[in-house]
Every structure is written in structure tokens, then in C-alpha cells.
Amino acid sequence: MDTSNVSYASSIAAAVVDPERELSARITSLIDRIKTLPGGAILIRYIQSSYQDDPIRTVIEIFLMLFAVRYFFSKKTSPDSKEAVPLSEKEIDELCKQWKPRPLAEPVTEAELYKLKKIPVLAGAVDKKITISGENYLDYNRQFAPEKRYDVEGIECPEPPLEDVLNLASLDFLNLSHDPRLLEIAANIIKNHGVGACGPPGFFGNQDVHIRLEQRLAEWYGVDSAIVYGQDYCTPISILPTFLKRGDIAIVDAGCSLAIQKGLLLSRCQVVYFEHRNYEHLANTLEELQEELQDIKPLNRRVIVSEGLFANTGDFADVPKLVEIKKKYKFRLFLDESLSVGSIGPHGRGVADYYGVPASDIDILTGSLANSLASSGGFCVGEKPMIFYQRIASAAYCFSASLAPYSVRVANEVIDMLEQNEGKKDSPLGLLNKNSALLHGKFSKNRKISKYLDVVSESGSPVVILEFNKAIKNKLGFYQYYYNENNKTAQAHEKGMRSFEQSGTAAAAKPSSKKVSESKKSFERVDYYSDEAVAKMKSEASQKAIAESKKKSQADIHNLEEFLISKIVNKLMLEDKMLIGTSQRLLKMEVFRVRPVFKICLSSDLSTKEIDSVVEKLANQVAGVVDNIKCLEDVEKLNSVKPL
Amino acid sequence: MDSSKYTLTLPKYIPNKGLSQDEQREKEFGSLESPEFLYVSEHEPNTPYLVEPLEEPSYFTILLTHLNFLILIIVGNFKDFFGTFFDKKQFEDVIEKDGYAPYYSRLESFYVRRMKRKIDDNFSIPTTGVPGRYITCYDRHSDDYNQTLKYTGSVTNCLNFASYNYLGFAQSVGICTDDALVTLRKYGTGAGAPRHQGGTTDKHAELEKLVAKFVGKDDSLIFSQGFSTNANLFDSFLDSECLVISDELNHSSIRTGLRISGVTIKRFPHNNMAKLEKIIRTSISQGLPRTHKPWKKIIVCVEGLYSMEGTMCPLPQLVDLRDKYGFYLFVDEAHSIGAMGPNGRGVCDYFNIDPSRIDILMGTFTKSFGAAGGYVAAEQHIIDRLRLDLTAPVYSESISPVIVSQILTSMKIIMGELNPGEGKERIQRIAFNSRYLRAGLKKLGFIAFGMDDSPVIPLLLYVPNKLPAVARALYKRGIAVVIVGYPATPIDSSRIRICVSAALTKSDLDKVLRELDFIGDKMYFKYARGKHNMEPFTDKPNATLEAFH
Ligand SMILES: Cc1ncc(COP(=O)(O)O)c(C=O)c1O
């Protein structure tokens, strides 16, 4: 390179005739300038010498550079556009015109109609004795009403309200929502703070009452810190994906309720299930996983997920066992105590408290403020870094308004009350536990009940859960349990559970990662818009529909069993003035097995007489309805009664 | 100041102590100073909604912003890298500990530890009392760069430009509170059970009907949290063979809901109707990926008023597109319901569009009604289906009757059924305040995103280091604003967000303009280069911007 001494001026003159020379001159001047920069001279010398010594290297580097340029300027193609079929604007217009979406929501079928009508609407407060409105937006209970009512002019008139109904459906187990002390305190807060918090916690929605409740919760549980959420259902849904990301692993009890299932779905971590409350299965599963887990570097997050008191079945998780296992295998423990906070344990702190396990042994403990604590919202307690991270990374906390200040204050006061009443036999908590033992005892001893129903829940649970026993289910053509046939994860789970039940060994059901062979199948493009194809599709669909309508799916039978239960519940309400709950689980949402049940929610101030009458009346109603039914078709006929 | 008295626990402070009822009322909701300070906000009929071009700052500012982040990231990573070896105590939360992985990794929490910590003293400020015209904040102090924040024992009463209190219903005096107290006595502190299991009272039924009437739909459903409303909505009617085309700036709750539902999601650039149409056309014509079967349903999800941008969705164009292509339209009115339109009924009211041209209207009660919770309104057959299929009414708590009562009363005031005239005044005050303040800020030379009528005013600071400085300066002068930076906004557009409220008076707005004028000069964030001399109103001689030239 001997051009280095060509001056800038002469290169301009030369440029007129020789563009090549001009270029080299420009480069030279550029090099000159770089040389004036600090370190520039060294750089230039290095480049010059290395290119002189190694022409092949120059070729490779130019090639690499070209490749980089090509890469940067190439159009980013998504897998979508690769498969796209080239179409002209006119064709697109045509296709757009032809496209007809399905209806946004499928209409409610006749078989499901009872569900809309059975939702009880209370005229007035939710309390121990309630009034059920006869006139409401859903014409609820019309279907089972004895007869239509007409006034003197023959105009149909609404049902009169049903008064003085005993409420056995409320989750306010300690019956505190009308406590004068709480009402006074709530009123004071409303007079000082107004009703809403008007902002997310980060943006001036973090009020003194919130900070105090968080401190109080942490103190009550004996852990570092706590966090309060605006809704109980959203709490696990938001916390699980905060700490479980792709690559992490969760081992989950297959009896967990929907909030946990949704949280895991969002988290996209690997999920392994173990049979409901089968801790041997859990230990075996963990043992099997050990090999796989050993080589993961850096360590991934590993969590065992369970509920304290299972909302769907009313039985207790064996927390000491869980803690022992999680410590052995170095997993963390996520425990949802939504139903058990305030209703179980000597201090009312839930199932862990019941077993005497300190809350510090449970890594992530969540609960609800809306049930026993007579307020609203959810919470989580645990170690400082865990709570700290939720404040910025947990969506339902970060992007949602704080809980209303009066609700927060009420929860705080209930905790004080629980602490003051500790150990007293006649405290609301003591009475609730007594009632639970009493009712469970009565149900299991009652011969009439056991002819029809099994008690699912354990003594001590504030919700008594009953289901049809095997004999009745077989007689009426119900399944022992139902699962979501249309959901891949649910199918995989069901398959795993079946093989586990058959072999009795620990075969963990893993969610199927899409089969490779399936996804690689090549597809011929079918012209779905040609008249022929549309007609063919239509006829196929209608044939399928006919075949389908003859075959009853799990969902249909599930619906019928739920219908039968709600019919009994309705009769109990209309004739015996008792409102009890039902399972109402949404089969199409659930991953785990679903069983329709009766739910009797206890409260602390039920008298022995009332408990006796619950057992007797329920037994009579169940017998009265079930004895008249011989098979599935009878249930179907009952449900197809046109609304009056 | 004697720093030894600073405490880690919240000191006792009783709000409103020694204030008379009238003083308290004035503190929560300032009286109207002149009937001139009212305005009806409405979209001019027959003019297309202009998606305003965003003003760009100079290249120098952009360069500075990126440089700022670069230094932050380099220094932060450097400190992290060596810290995890040499100062394990400091970093114990992000490294493995006796066989357990940390709750959050170093990388995941980089932003929280390295950037957010610097502004933590302006974040999550504890408050007390009503978040009305003024908000009472506990003063805090840190000796260790925001690792720990201690309470000094004093409070500051700030003019409230931070809370979502659009119509000023955050009050502790007035009929809303009276009704809430009556309801509390009668209905108790909570509803005690899920909606479908005895947690539905006549109050709930009444509110569902009233909301439907208010937004102009057949029926509605109400929930106890706005976030959960969105998060648990879509899984009931969408699956992977449905397509959702979602605005890129949609709220986290919508994105959560869409992810739970497993639906196919495509995104379009914020408010870009041409891109949206293109996506719709290719989606319909190409169908599902691989199989090319037609999509079962296509839904376009937008928000009425974007809470970080101050922009509105271009509804007229959207409904035209909907009519043309037949997709379904979902509009989240969390911020626009109550706050926009001549009757406070949200985007439909503002653009004068029939609500039947939107399929699902969703909104929250947190922002304009001084309450909490959310709703979904639609045609009867859709609501019937949702009532059965949504998970929240079965698995979650019911919304508390006291909150229902607050919403009922405030909504009736807005509709003019209670205290006739009061609702109108509130709506027209927020419209006036929003327009006046925005015009003032623009005239002073600030860059403010969004529409003229929007009560959300994002004031761009760009350079992240200015965030804490501006927030502290404003707090010292008794003004509370929200500061937002990455990741809530794009990395190069840190901003302060001003939420206008009907509770504020014109003198309050003048005060904030004056203070911002001063701070803006001192801290160099009057970035606008074009001239903004537009008077907000042509016919209000007492509401001109002459004072601020
Ligand atoms: C658009 C949007 N949707 C939903 C929500 C959530 O509402 P809430 O605060 O009542 O949970 C918000 C709140 O910030 C929002 O901006």
C-alpha cells in the first residue's frame, strides 16, 4: 500500500478521471484521521500487518462481514409467513368476505339452564338467617317451584321472598361479618379513608392500614414479612408464575383447586403430579426425578405445591410429612391455606398450625382474608426476599389497585380477636371446631345418609362435603369421577393416574409435550372456501353432530349429576328452609378429576338442634328424590322440564 | 433533623384530626371556583380521530438516555459480578443457598436492584386518609441509598396528581359515604361466599342491572377485582383455534388473561389501524397456521384510554373495521368509564358510537367511582354464557356489599339520578382540568403524550436519572405524581404521569404549572422544539394561558 503519501488535494484532481483512485484516497485520508485518535495508530498498524501476512484470513473476514450484512438486512421471517400462501388482494378481499366467525359465546342449552336459575339471590344481608329473593333477574328456583302464582286479575306475580332460611353456604365460618366491634372499626375507617384505595400499591395506594396488616400477618405467623392482595382467587394465580418460570419444576398434589392449576398453567414450568394425599407417591416421584435434577446447573427452582385444607374434598394435607419430604429433597413448599385460615388450628392459622408446624418451615404460604376473616382479599407470608420480589414481579399485586382500606382494617381486627380468644372453648373458633366434629360424627353414624351418601371431608373441616356413594352412582349411571376430555393436559393427567392406579407404582403423569411426529405431519392445503369443500365439511359436521348427540359425553353426565344435586339442594331450601352449597366446579376448566358434591358450610353459632335437623332433613330429601329415579334417563327427563 | 428518632415502623398519625367537616370536604374535593371552569369533552362529529404523531426529543436527549442506561447496566453488572464473589452477604438473595435456588436470579432482578432501588423513595409512598384532592404521605428518609427507608414521623399533604380519582369520588363526606355506612351496618363487612354459592345479594343484582344501563348493554357481571376480571375472562370462551389481535400496549391483566386462555395472540403497534387491518386480512385469508383452517373467532382487544400514554383507541375506525371484517371487539374501559364523554359513559359516549357496535365492554370501578372491582357488559346471551362459564363467580370471593353501595351511589350521581347536577359538574370539571393542564404544559415547552381531552398526562423526562430528582422536587413542593420508567414504559421514555381529577381546582392546576415551570428550567426537561401556543378554550377569558408565557 504505497498510496499513503498521496495528498488529499491531488486525489480530488484525479477523481475526475479515476474513481478507483478517489476511493483509495478517501480511505487513506480516513486512515490518517483514525491515526490521530488515541490508540488509532496502533490499531491501523495491527490491521495492516495482519492483512499483509495472511491473505486467506482477509477472504474469510470479508465473507463473514458479507454474511453479517446479509443477516441484518434480511427480512425477519416468522414461521407464519414461511407457510403463507401467496394471495392476490382480490382473493384476500373475497376470503375476508366469506369468513364467518363462530358466535362469541355458545347459547346456554336447555340442559344447563337450571344452573342459571339456581343461583340464589339474597334479599338483604348474608348472615346466619337469610331471606332469599323471589323476584330477581334470573327467575331463580322457578323451575322447582310448586306452582305458578297469579294475582286477582290473572297476571303472573313474582314469588314472595323466602324468609328465615338457615344459611349453610357461607364461608364466613366464624360468623363475624356482623360483629359490632368490626362494624364500628370499619365505619371509622370509611369515615377517615373513604371506600376505595384508588391506586396500585406502588402508586400511592399503599396506605397505613395495609402496612400495618402486613406487619400483623407476619407477626401472627412468626415470619419475616407478608403481602396483601386485592382478591383471594388471583393470589396463587399470580404468585406461582412469579417464582416458577420455564425450566423450573413443580410437583403438585392432584387434588388442588383451580387457582393453583391456573397459576401453574401461566408459569410454563415443568409440572409433575402426585396422587391426592399420597405422600409415598410423592417421595417415589422425587426419588425418580433425582437423577434428572442432579445435573441441572445452575440450580432451578423446585416447589412442592399443595393446599392445606383441600377446598374440593375437605381433607387435610399431612403438612409434617410434606415438610419432611421437602427438606430431604431440597424442594420448597407452596401451601394454600385459603379455606383453613381462621378456621383450623389452635391459633386459627390453618392446617400447618393444626399440626404444630411453624410457618417458617413453609416457604410460600398463601391464604384468603375473605372467608373466616370476614373481609376481602388474599395474602402471602414468608421470607423477606420472596415477599420483596412479589412487590415488583407479581402482576396481580403490581398492576392492580390495593385492597379497600376498611377491608384491610377488618382483617387486622379479626386477627386480634383470634389471638385474644386463643384456647377458649367457647370462642367462635372453638365452637366451629366442635360443630365440625359433631356434624361429621352425625353424618357418618346416620344409616339413612350412608345408604346414599359418602362423607368425603375429614372431621375438623369447616365445610362438610358429601357425594353420592358408589351404589347410587352405579344405579343412576353416573361416573365415579369426571375429567375434561377435551383438554390435553387433563387427558395426560388422567392417563398417568390410571396407569398409576393399575400398576400401583409411581408413574408420574407428565404433561405431554407435543408429539414430534404429530407436529411434523405435512399438511396439504385444503381450499376451505370452495363451495364443494364447504358443503362436504357441513355434511361431515352434521353427521358427526348426530353421532355425537347420541353419545353422552362426560360433560353431559357431569351436568346431570350436578343437576340432581342442585335439585335436592333446592328442595331443601324451599321445603326445609336451609341453603347448602354444591360443588359447581367447571369441568371444562379443570385439569384434575372432578366429583360433584354437596357442601355444608358450618358456622360457629349453629346449635346442636340445628345440626341434628340438617342431618335429618338432608337424609329425607336425598331419599325422596333418589328413590324415585331408576336410571340416567329419569334424571334427564327431570331436567328437560321446560321452565314455567 | 434528629435522625436518631427515625423509626422502621409506621408512626401513629390520625388524618383529619382537628379539621372541621367543611375543611375536610375542601381537602377532599375543592369547590368550583368559577362556572367558567367547566367544559364538555366530546369528539367532534365527522372528523376522523387523529392518531397524534408523538413528538420526538432531540437526538442529543436520546443519546443521553441510552448512555445513561448503558452506564447503569455496565456498572451494575460489574458490581453484581464481583459482588457475588466477594460480598456474598449483600447478594445472598440472588445466589444458591444450601442447595436451594434463589427465589429470583441475578439477571431477573437486575432492574429491581439496580434501577428501581434508586427511585424507591418515590415509590410505594405510604399514605393515609382519603386519596382525594390532597393526599397525606408519610415522610421517609434513607441513610443507605434506599436499602432501608425509615419514617421521620412527619407527614406531607400533597396535591394529588397521582391517584386514580378521576371524578373525585374518593371522599369521606357526602352521600356516597353515608350510603356506604348504611350498607355496612345492614350487610356486614363481607359477602362471605362466592357469587354462585350464596354470595349474591340484591345489591349485587341491582348493580349488574345499573352497570348494563349505564354502558348501554343488556346485562353485566361484576367482580371484586379489576385485574382478575380480565385475567379470568378469556379462558371461558377462547381456545387455541381462536385469534386475538391485541394492542401492544394493553394492560398486564389483559395479557395475563390471554395467556391463561391459550389463545393464539398477534400484536399490532399501538393504535396503528393500517397495521391492524393488514394483520386481520392476512389472518383471515391464511387461516390457522399449518392447517389453514379458518379461525373460529377473531377478537380485537384494545383499551379505551391507555393509562401510560394518555391516548384513546380510535374507536370510529375500529368499529368500521369490525363491520367490514366481522371480528369481535373487546374494549377495556378501566380508565375511560366515568372519565370520558359528555355523560361520563366512556369511549362510546365520547365518540358518540352506539355501544352495540362493541361486543364486550369491560371496565373497573377503581378509577372513577372511588371503589374497587370490575365489570363485563355484553348482550344477554353472552352474559348468560359467561355467568355459567367464568371461573371467578364460582371460585373467588364476591365483591363486598359496601363497595357495591359506593359504586351504586356514585354511578347514580353520574347518571343524574341522585343529586341532579352534581354528576354533570364533576364530568365537566375533569374535562376542563384535563384540557387546561395539558395545554399549559405544552405551552411551557414540555413534551406530553396523548389526547387533549385525556385526564392522563404523561410528561416525558427521557433521561432516567431525572426521574427521582423531579419526583423529589415535586414532593418537596407538595405535589404528588407517579413516576414510571422501564420496564413499565419503553426503555427510552421514562416519564412522570399526571392524573387529573375533578377534585382539583384551577388554582391547583396553576400551582402545579408554576412549580413545573421552575423545575423544568432547572432540570432541563422542557424538550419540545415546536411552538405550542394553542389556547385550550376560545371562549373563557379567565382560563387563558397568558399567565405562563
Ligand atoms: C386497562 C386496565 N385494566 C385493568 C386494570 C386493573 O384494575 P384494578 O386496579 O381494579 O385491579 C387496570 C388498572 O390499572 C387497567 O389500567
Side-chain angles (χ1 to χ4, degrees), chain A residues 84 87 92 95-96 99 101-102 104-105 107-108 115 119-123 125-126 137 169-172 177-178 182 186 191 194-196 198-199 202-204 206-208 211 230-234 258 299 301 330 370 374-376 385-386 389 392 395-396 399-401 404 410 523 525 581 584, chain B residues 10 15 93 96 99 101 103-104 112 123-124 126-128 130-131 162-165 170 172 180-181 187-193 196-198 200-202 205 224-225 227-228 237 252 281 284-286 290-292 296-297 328 366 370-372 381-382 384-385 388 394-397 400 406 482:
Chain A
L87 294 167
I92 293 178
L95 289 171
C96 286
W99 179 71
R102 304 251 184 108
L104 187 58
V108 175
K115 283 191 191 171
I119 303 167
V121 178
L122 315 194
V126 180
Y137 61 123
S170 164
L171 304 182
D172 177 15
S177 72
H178 293 270
L182 293 181
K191 281 182 209 159
V195 174
C198 290
F203 300 163
F204 294 81
N206 196 17
Q207 296 176 310
D208 47 359
I211 294 175
Q231 191 190 54
D232 53 3
Y233 177 54
C234 236
L258 194 70
L299 233 50
R301 284 166 288 201
K330 292 205 182 294
S375 166
S376 311
M386 194 262 300
Y389 194 54
I392 188 76
F399 297 106
S400 173
V410 165
F523 277 85
R525 181 173 149 78
Q584 306 186 331
Chain B
L10 203 65
D93 293 349
E96 293 173 11
Y103 279 107
Y104 48 89
V112 186
F123 202 74
S124 286
T127 68
T128 183
V130 174
S163 298
Y164 301 130
N165 179 28
S172 66
L181 290 173
Y187 286 81
T189 54
H196 283 8
Q197 193 189 315
T200 305
T201 69
D202 43 1
S224 66
Q225 189 194 34
F227 184 92
S228 163
F237 60 93
S252 147
R281 288 171 67 84
I284 294 181
S285 57
Q286 295 294 339
R290 280 200 356 251
T291 60
H292 297 282
K296 278 194 202 159
K297 309 168 192 175
Y328 299 112
T366 325
H381 72 275
I382 298 176
D384 281 349
R385 171 49 67 191
L388 291 188
V394 182
Y395 297 88
S396 94
E397 76 198 40
S400 152
Q406 163 84 14
V482 164

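Proteins get letters first, then strands, A, B, ... in listed order; numbering begins at 1 in each. Just so it is clear, the values below take in all heavy atoms, side chains as well, and ignore hydrogens, waters and symmetry mates.
When the candidates A/Ala370, A/Ser376, A/Ser375 are compared by the number of heavy-atom contacts under 4.5 Å with chain B, A/Ser376 comes out ahead. Chosen from A/Ala169, A/Gly199, A/Gly194, the residue pairing most often with chain B at heavy-atom distances under 4.5 Å is A/Ala169. The candidate from A/Gln207, A/Arg301, A/Gln231 with the greatest count of non-hydrogen atom pairs under 4.5 Å with chain B is A/Gln231. Counting heavy-atom pairs closer than 4.5 Å to chain A, the top residue among B/Thr366, B/Val112, B/Thr201 is B/Thr201. Counting heavy-atom pairs closer than 4.5 Å to chain A, the top residue among B/Ser172, B/Gly190, B/Ala193 is B/Ser172. Most heavy-atom pairs under 4.5 Å with chain B: of the set A/Val410, A/Val108, A/Asp208, this distinction falls to A/Asp208. Among A/Ile392, A/Leu182, A/Val195, A/Asp172, the residue making the largest number of heavy-atom pairs under 4.5 Å with chain B is A/Val195. Comparing A/Cys198, A/Ser400, A/Gly196, A/Cys96 by heavy-atom pairs within less than 4.5 Å of chain B, the highest count is held by A/Cys198.
For B/Tyr164, the parts sitting under 4.5 Å from any heavy atom of chain A are the backbone and the side chain alike. Within the 4.5 angstrom heavy-atom criterion, atoms from both the backbone and the side chain of B/Leu10 approach chain A. If you measure heavy-atom distances from A/Ala404 to chain B, the contacts under 4.5 Å come from the side chain alone. For B/Glu397, the parts lying near chain A are the backbone and the side chain together; criterion is any non-hydrogen pair under 4.5 Å. Looking at B/Glu96, the atoms closer than 4.5 Å to chain A (heavy atoms on both sides) all sit in the side chain, from C-beta outward.
The ring of A/Tyr389 has its center no closer than 6.0 angstrom to the ring center of B/Tyr103.
Between A/Leu104 and B/Arg385, every side-chain heavy-atom pair lies at or beyond the 4.5 Å cut-off. Inter-residue side-chain proximity for B/Arg281 and A/Leu95 is flagged as unmet; no heavy-atom pair is nearer than 4.5 Å. For the pair A/Phe204 and B/Pro131, the minimum side-chain heavy-atom distance is 4.5 Å or more.
Taking every heavy atom of both residues into account, B/Phe227 and A/Cys234 meet most closely at CD2-SG, 3.8 Å. Of all non-hydrogen atoms in A/Leu299 and B/Gly99, the two that sit nearest each other are CD2-O, 3.2 Å. Shortest non-hydrogen contact noted between B/Gly188 and A/His178 is N-CE1, 3.5 Å.
Annotation: the span from A/Ile92 atom CD1 to B/Ser285 atom OG amounts to 4.5 Å, rounded to 0.5 Å. Here the straight-line distance linking atom CZ of A/Phe399 with atom OG of B/Ser252 works out to 4.5 Å at 0.5 Å rounding. How far CD of B/Gln225 is from CG of A/Asp232: 9.5 Å, rounded to the nearest 0.5 Å. From B/Tyr395, atom OH reaches atom CG of A/Leu258 across 4.5 Å, with rounding to the nearest 0.5 Å.
A perpendicular orientation is assigned to the rings of B/Phe123 and A/Phe203, their planes being inclined by more than 60° (bins at 30° and 60°).
Side chain of A/Gln584 to backbone of B/His196: a donor-acceptor contact under 3.5 angstrom is found. No donor-acceptor pair closer than 3.5 Å links the side chain of B/Lys297 to the backbone N or O of A/Pro101. Without hydrogens or angle criteria, B/Thr189 side chain to A/Ala374 main chain gives a donor-acceptor distance under 3.5 Å.
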